[in-house]
Chemist: 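One structure is given below, represented as structure tokens, and several questions about it will come after.
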Amino acid sequence: MSARPSSAVPSPSTQRGRRPPRADLIAAAAALGLFAAAAVVGGVLHALGRPVHASAAPLSAHWLPHVGPGTPAALLLAALVCWRGPALAARLPWRPLLALSYATAVAWTLSLALVDGWRRGVAGRLTTVHEYLHEVPGVTDIPAMLGEFTTRILDFQPDSWTTHVSGHPPGALLVFVWLDRAGLGGGGWAGVLCILAGAIVAVAVPHTVRLLGSGAAARAVLPFAVLFPGAVWSGVSADGLFAGVTATGVALLAHGVTQGRAVGAVAGGALLAFGCYLSYGLVLMAPVALAVVVLAGRHRRTVGWAFAGAAPVVAAFTAAGFWWPTGYHLVVERYYQGIAADRAYGYWVWANLALVVAAAGPVAAVLLRRAVLAGWRAVALRRPGAEPATWLLPVAATAAIVAADLSGYSKAEVERIWLPFTAWLLAGAALIPPADRRTWLAVQAGAALAINHLLLTSW
């Protein structure tokens with residue numbers, strides 16, 4: 001598959017003075033309008049004595065305009081990527097480009113976190129009484145922890161797990177226990193792990209597009225993946241770690257099924273299976289994985305090796321005493337023992353989608369509009385145009401988001417919870433006309449900077 005630079009990137013002279021098509025502007029405006037409506041309705045409901053239990057509805061945050069140590073770096077990185085990102089993505093050899101993209105994504109995520117300072121923005125995020133690190137000192141016997149895990153999920157008992165531990169399978173806690181056992185304990189190292197893992201999305205998503213489509217399409221994705229607005233949350237919550245693990249799993253699966261490499265499919269299947277033991281909701285990565293298989297071409301039969309990779313992960317957790325279906329049913333009960341019982345489905349079923357706008361950026365609406373049109377032309381009208389990977393991956397991610405939304409088990413906080421899905425909306429960046437990409441990159445960066453500087457997010 002060719003990795004030659006795309007000839008579709010325009011010169012600066014063709015980029016100046018051009019406004020994106022009206023339909024794209026309307027889509028982005030509608031997305032921002034949805035977010036504004038969610039904020040207004042949330043405020044009205046609070047005034048009427050029916051709070052939605054999100055302190056800066058729909059976001060879990062507090063209004064606090066501020067700057068911090070990360071502000072200069074965040075502004076500089078945003079400006080550099082918007083100015084030079086598309087041109088560098090078109091010109092550099094692929095492997096050095098991936099390395100540069102990963103380093104820039106790490107720097108972007110870290111700088112956003114440091115807007116709140118090191119302690120408040122990074123080191124203290126995962127150390128509260130509701131988080132994973134609160135339980136790490138009590139795990140002295142890992143097999144015993146796994147064996148008794150489900151017995152401690154429900155609330156209102158003396159040894160009940162803390163909120164985030166009880167709301168996830170044991171894999172999430174296990175990662176931080178392993179980190180502590182390796183001598184990297186505490187909130188600082190946990191935050192660094194989430195930053196490093198979350199930034200992998202900036203490599204995994206474009207590389208998957210390259211494997212399933214073309215180098216030109218992948219190069220279009222890279223700057224958008226680097227300036228992913230979800231970095232506001234991915235660097236300071238375990239969901240960034242989850243996004244990195246599952247994105248890597250999808251990329252390895254794509255490598256296995258497109259190149260006929262069993263080892264890639266095995267590794268991808270193992271990581272995707274482990275993802276299901278990080279968060280119950282990550283079973284909804286299935287539509288994205290299925291899209292990879294559909295696009296795989298002649299080596300599709302290699303997908304069987306993915307199940308071979310997943311099986312030992314499932315077997316290991318089961319043998320240790322954790323039965324996933326039991327944990328899932330108990331966590332649903334625990335969910336309604338807490339604040340979720342007071343969060344109105346009628347508000348959150350659409351306000352959740354406003355949070356997708358915050359995490360994926362306004363360009364997500366543009367990409368989804370273009371992906372649906374491209375898919376309609378290719379499937380219904382049988383008029384192939386755009387590369388299938390550029391529309392099928394965003395549509396698959398949307399299917400996962402809609403399923404999670406309608407389930408009612410993700411009411412609020414999805415700006416972080418859905419990071420593993422929202423990152424794949426950016427796989428359609430090649431659908432944006434090359435002359436418009438710099439404009440939309442600036443919009444994306446502006447959205448992330450505004451959220452992080454106007455609000456103190458909970459994660």
Side-chain angles (χ1 to χ4, degrees), residues 4-29 31-32 72-92 94 97-98 100-105 107-109 111-112 201-203 205-206 209-210 213-232 357-371 374 386-387 390 394 422-423 425-452:
R4 290 178 297 177
S6 169
S7 59
V9 175
S11 65
S13 62
T14 63
Q15 289 184 333
R16 289 194 292 265
R18 188 185 190 280
R19 189 166 62 181
R22 179 176 296 180
D24 287 350
L25 294 174
I26 291 173
L32 292 172
L75 292 171
L76 179 62
L77 285 166
L80 287 174
V81 175
C82 292
W83 176 44
R84 297 294 298 162
L88 288 174
R91 188 177 70 245
L92 292 179
W94 184 246
L97 178 60
L98 286 183
L100 176 62
S101 298
Y102 178 70
T104 307
W108 170 245
T109 307
S111 65
L112 289 174
V201 167
V203 172
V205 172
V209 172
R210 184 174 186 264
S214 69
R219 290 170 184 274
V221 175
L222 272 165
F224 287 91
V226 167
L227 288 187
F228 179 41
V232 170
V357 177
V363 80
V366 177
L367 294 175
L368 185 58
R369 182 191 78 81
R370 288 181 171 271
E387 295 180 27
T390 63
T422 54
L425 296 174
L426 304 180
L431 296 172
I432 297 176
D436 298 341
R437 290 172 190 166
R438 187 175 290 173
T439 298
W440 288 116
L441 276 172
V443 171
Q444 292 288 94
L449 291 168
I451 290 171
N452 222 42

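All values below were derived from every heavy atom in this structure, side-chain atoms included, with hydrogens, water molecules and symmetry-related copies excluded.
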Chemist: Decide yes or no for Leu441 and Pro86: does some side-chain heavy atom of the first lie under 4.5 Å from some side-chain heavy atom of the second?
Modeler: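 Leu441 vs Pro86: side chains touch.
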
Chemist: Is there a donor-acceptor pair closer than 3.5 Å between any side-chain N or O of Arg438 and the backbone N or O of Cys82?
Modeler: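 Looks like yes, one N/O pair under 3.5 Å.
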
Chemist: Does any part of the side chain of Pro20, heavy atoms only, come nearer than 4.5 Å to the side chain of Ile432, both counted from C-beta?
Modeler: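 Side-chain contact under 4.5 Å: no.
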
Chemist: So which atom in Val443 and which in Pro362 form the shortest heavy-atom distance, rounded to 0.1 Å?
Modeler: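 For Val443 and Pro362, the tightest heavy-atom pair comes out as CG1-CG, 3.8 Å.
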
Chemist: Determine the minimum heavy-atom distance between Phe228 and Trp108, stating which atoms define it.
Modeler: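 Between these two residues, the closest heavy atoms are O-NE1, 3.4 Å.
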
Chemist: Is there side-chain contact between Leu426 and Val363, with heavy atoms separated by less than 4.5 Å?
Modeler: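 Side-chain contact under 4.5 Å: yes.
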
Chemist: Please examine the side chains of Arg369 and Ile26, heavy atoms only from C-beta on, and report whether any two atoms are closer than 4.5 Å.
Modeler: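 No. Closest side-chain heavy atoms not under 4.5 Å.
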
Chemist: To the nearest 0.5 Å, what is the distance between CG on Asp436 and CG on Leu431?
Modeler: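 With rounding to 0.5 Å, CG (Asp436) is 12.5 Å from CG (Leu431).
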
Chemist: Spell out, as yes or no, whether a donor-acceptor pair under 3.5 Å connects the side chain of Arg437 to the backbone of Ala430.
Modeler: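 At least one qualifying donor-acceptor pair exists.
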
Chemist: So which atom in Ala217 and which in Glu387 form the shortest heavy-atom distance, rounded to 0.1 Å?
Modeler: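 Where Ala217 meets Glu387 most closely, the heavy atoms are CB-OE1, 3.6 Å.
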
Chemist: Applying side-chain contact (heavy atoms from CB on, under 4.5 Å), can you list everything that pairs with Leu98, at least two apart in sequence or on another chain?
Modeler: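 Testing Leu98 for side-chain contact (heavy atoms from CB on, under 4.5 Å), a comparison that skips the adjacent residues, returns Trp94, Val203, His207, Leu222.
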
Chemist: Considering only heavy atoms from C-beta outward, does the side chain of Phe224 approach that of Leu367 to under 4.5 Å?
Modeler: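 Heavy-atom side-chain distance check fails, nothing below 4.5 Å.
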
Chemist: Evaluate the side chain to side chain contact (heavy atoms under 4.5 Å, CB included) criterion for residues Thr390 and Arg370: first the C-alpha distance (whole Å), next the side-chain angles of each, then the deciding distance (0.1 Å), finally the verdict.
Modeler: CA-CA 10 Å; Thr390 63; Arg370 288 181 171 271; over 6 Å; no

Chemist: State, to 0.1 Å, how close Arg84 and Arg91 come at their nearest heavy-atom pair, and which atoms those are.
Modeler: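 So the two residues come closest at NH2-NH1, 3.7 Å.
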
Chemist: Check side chain to side chain donor-acceptor pair (under 3.5 Å) between Asn452 and all other residues, then give those that pass, not counting sequence neighbours.
Modeler: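 So Asn452 forms no side chain to side chain donor-acceptor pair (under 3.5 Å) with any residue.
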
Chemist: If the condition is side-chain contact (heavy atoms from CB on, under 4.5 Å), which residues does Ala360 pass it with, not counting sequence neighbours?
Modeler: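 Here the qualifying residues are Val356, Ala364, Thr422, Leu425.
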
Chemist: Give me the atom names and distance for the closest heavy-atom approach of Ala74 to Leu112.
Modeler: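 Closest pair (atom of Ala74, atom of Leu112, distance): CB-CD2, 4.3 Å.
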
Chemist: Indicate the atoms forming the closest heavy-atom contact of Ala429 with Ala220, along with that distance.
Modeler: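 Scanning both residues, the minimum pair turns out to be CB-O, 3.6 Å.
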
